[in-house]
Amino acid sequence: MTTEPKTAEDLYRFLDDLGIRHETKGHEPVFTVAESVALRDEIPGGHTKNLFVKDKKDQFFLLTVEENAVVDLKTVHTLIGAASKVSFGKPEKLMDYLGVIPGAVTVFGAINDTGHNVTFVLDQDLMEHDIINGHPLSNDATTSIGRDDLLRFLEATGHTPLVLKVTA
C-alpha cells in the first residue's frame with residue numbers, strides 16, 4: 001500500500017500552515033549542480049547538493065550540503081552514525097521514502113518520509129547561510145526558505161536533523 005508522493009503544492013501548503021515564509025522560482029529542469037549554476041545570480045542564498053546514501057544495515061541518510069562542498073563517502077559514516085561505509089541509495093528507495101526521482105533529491109522530501117526511514121543530515125557550513133535553497137520535490141523550480149525555518153519544517157515532519165560538519 002503506497003500513497004502518492006506529495007507535490008510541490010502540498011509542500012507549499014504545509015509551509016504556509018506552519019507560517020513559514022518561502023519563495024519559489026520556476027526554471028528549466030536541472031539534474032546536476034553544474035546545470036543549476038546559471039540560476040545563482042537570480043536566487044540568493046546557500047544552494048544545496050543532496051546525497052541519498054545507505055549503510056549495510058539499510059539505514060538511509062540524506063546529506064544536504066552546500067553545492068560545491070566535497071563529502072568523503074569513505075569516512076562520512078563515522079560522522080553520521082552509520083553502521084558501515086555508505087553507498088548511494090537505489091532510485092526505488094528514493095521514491096519510496098522521499099517521493100522524488102534522481103536529479104530532484106531535496107531536503108523537502110522529508111514531507112514524504114512518513115515512516116521516518118531517513119536520517120536528515122545538514123552540513124554545518126550550509127547552515128551558515130541565512131537562506132537555504134532546495135528543489136520543491138521536482139527539479140524545475142527552486143524554493144528558498146530561512147535556515148531556522150528549514151529546521152522547523154524538518155521538525156514538523158517528525159525529523160530531528162543532525163547538523164554536522166560532513167564536508168571537507
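Source: prediction; values computed, not measured.
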Asks: If the condition is ring pair (Phe, Tyr, Trp, His ring centres under 6.0 Å), which residues does Phe60 pass it with, not counting sequence neighbours?
Replies: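 With neighbours one apart ignored, the set is Phe52, Tyr97.
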
Asks: Who passes side chain to side chain donor-acceptor pair (under 3.5 Å) against Lys6, sequence neighbours left out?
Replies: none

Asks: Could you please spell out the steps behind the ring pair (Phe, Tyr, Trp, His ring centres under 6.0 Å) verdict for Tyr12 and His22?
Replies: CA-CA 8 Å; Tyr12 306 146; His22 56 93; 5.5 Å; yes

Asks: State yes or no: do Leu62 and Phe108 share one hydrophobic cluster built from I, L, V, M, F, W and Y residues joined by side-chain heavy-atom distances below 4.5 Å, directly or via other members?
Replies: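 Yes, Leu62 connects to Phe108 through the hydrophobic network.
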
Asks: According to the salt bridge (Lys or Arg N to Asp or Glu O under 4.0 Å) rule, which pairs have a member within residues 150-162, sequence neighbours left out?
Replies: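 The answer is Asp149-Arg152.
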
Asks: Do Gln124 and Val166 have side-chain heavy atoms sitting under 4.5 Å apart?
Replies: no

Asks: Is there a ring pair (Phe, Tyr, Trp, His ring centres under 6.0 Å) between Phe120 and Phe61 once you walk through the steps?
Replies: CA-CA 6 Å; Phe120 289 82; Phe61 301 84; over 10 Å; no

Asks: What heavy-atom pair brings Gly103 and Asn139 nearest, and what distance separates the two atoms?
Replies: O-CB, 3.3 Å

Asks: Is there a side-chain contact between Asn133 and Thr143 (heavy atoms, below 4.5 Å)?
Replies: no

Asks: Between Arg147 (side chain) and Ile131 (backbone), is there a donor-acceptor pair under 3.5 Å?
Replies: no

Asks: Any side-chain donor-acceptor pair under 3.5 Å between Asn68 and His47?
Replies: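 Judged by distance alone, the side chains do not pair up.
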
Asks: Could you tell me which residues satisfy side chain to side chain donor-acceptor pair (under 3.5 Å) with Arg13, sequence neighbours excluded, listed by chain and number?
Replies: Asp10

Asks: Could you tell me which residues satisfy side chain to side chain donor-acceptor pair (under 3.5 Å) with Asp58, sequence neighbours excluded, listed by chain and number?
Replies: Lys54

Asks: Does any non-hydrogen side-chain atom of Leu150 lie less than 4.5 Å from one of Phe153?
Replies: yes

Asks: Drop me the distance from Leu63's CG to Leu164's CG, to the nearest 0.5 angstrom.
Replies: 9.5 Å

Asks: Mind listing the side-chain donor-acceptor pairs of residues 76-94 below 3.5 Å, one per line with the distance, residues two or more places apart or on another chain?
Replies:
| residue | atom | partner | partner atom | Å |
| --- | --- | --- | --- | --- |
| His77 | ND1 | Lys74 | O | 3.4 |
| Thr78 | OG1 | Thr75 | O | 2.7 |
| Ser84 | OG | Lys56 | N | 2.8 |

Asks: About how many Å separate CG of Leu137 and OG1 of Thr106, when rounded to the nearest 0.5 Å?
Replies: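 Answer rounded to 0.5 Å: 6.5 Å.
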
Asks: Should Leu51 and Val105 be marked as a side-chain contact (heavy atoms from CB on, under 4.5 Å) after you check the CA-CA gap, both sets of side-chain angles, and the distance that decides it?
Replies: CA-CA 8 Å; Leu51 307 174; Val105 185; over 6 Å; no

Asks: Hydrophobic cluster membership, with links at side-chain heavy-atom distances under 4.5 Å among I/L/V/M/F/W/Y: are Ile132 and Val121 in one?
Replies: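 Different hydrophobic clusters.
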
Asks: Do you reckon Ile101 sits in the same ILVMFWY cluster as Leu98, going by side-chain contacts under 4.5 Å, direct or chained?
Replies: no

Asks: Given side-chain contact (heavy atoms from CB on, under 4.5 Å), test Ile145 with Leu15 step by step and report yes or no.
Replies: CA-CA 10 Å; Ile145 185 173; Leu15 293 171; 3.9 Å; yes

Asks: Identify the heavy atoms of Met95 and Pro5 that sit nearest to each other, and give their distance.
Replies: SD-CG, 3.8 Å

Asks: Do the non-hydrogen side-chain atoms of Leu126 and Thr48 ever get within less than 4.5 Å of each other?
Replies: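 SC-SC contact between Leu126 and Thr48 confirmed.
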
Asks: Between Thr167 and Asp123, does a side-chain hydrogen bond (donor to acceptor under 3.5 Å, both in side chains) hold up when you go through it step by step?
Replies: CA-CA 7 Å; Thr167 53; Asp123 186 55; 2.9 Å; yes

Asks: Flag the pair Thr64 / Val107 as yes when at least one side-chain heavy-atom distance between them is below 4.5 Å, and no otherwise.
Replies: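 Yes, at least one pair of side-chain atoms sits under 4.5 Å.
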
Asks: Can you pull the salt bridge (Lys or Arg N to Asp or Glu O under 4.0 Å) pairs that have at least one residue in residues 19-30, sequence neighbours excluded?
Replies: Lys25-Glu42

Asks: Consider only side-chain heavy atoms of I, L, V, M, F, W and Y, link residues closer than 4.5 Å, and tell whether Val118 and Phe14 are in one cluster.
Replies: yes

Asks: So Ser144 and Thr24, do their side chains get closer than 4.5 Å, heavy atoms only?
Replies: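 Result no, sub-4.5 Å side-chain heavy-atom pair not found.
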
Asks: Assigning hydrophobic clusters by single linkage (Ile, Leu, Val, Met, Phe, Trp, Tyr; side-chain heavy-atom cutoff under 4.5 Å), is Ile111 placed with Leu18?
Replies: yes

Asks: Who passes salt bridge (Lys or Arg N to Asp or Glu O under 4.0 Å) against Asp72, sequence neighbours left out?
Replies: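 Once residues adjacent in sequence are excluded, Asp72 has no partner under the salt bridge (Lys or Arg N to Asp or Glu O under 4.0 Å) criterion.
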
Asks: Can you name the salt bridge (Lys or Arg N to Asp or Glu O under 4.0 Å) partners of Asp140, sequence neighbours left out?
Replies: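 By the salt bridge (Lys or Arg N to Asp or Glu O under 4.0 Å) rule, Asp140 matches no residue at all.
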
Asks: With sequence neighbours excluded, what pairs up with Glu66 under the side chain to side chain donor-acceptor pair (under 3.5 Å) test?
Replies: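 Here no residue qualifies.
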
Asks: Strictly by side chain to side chain donor-acceptor pair (under 3.5 Å), give each pair with a member in residues 107-121 just once, sequence neighbours left out.
Replies: Asp113-His159

Asks: Minimum heavy-atom separation for Pro136 and Ala141, please, with both atom names.
Replies: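 Closest approach of Pro136 to Ala141: CD-O, 3.1 Å.
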
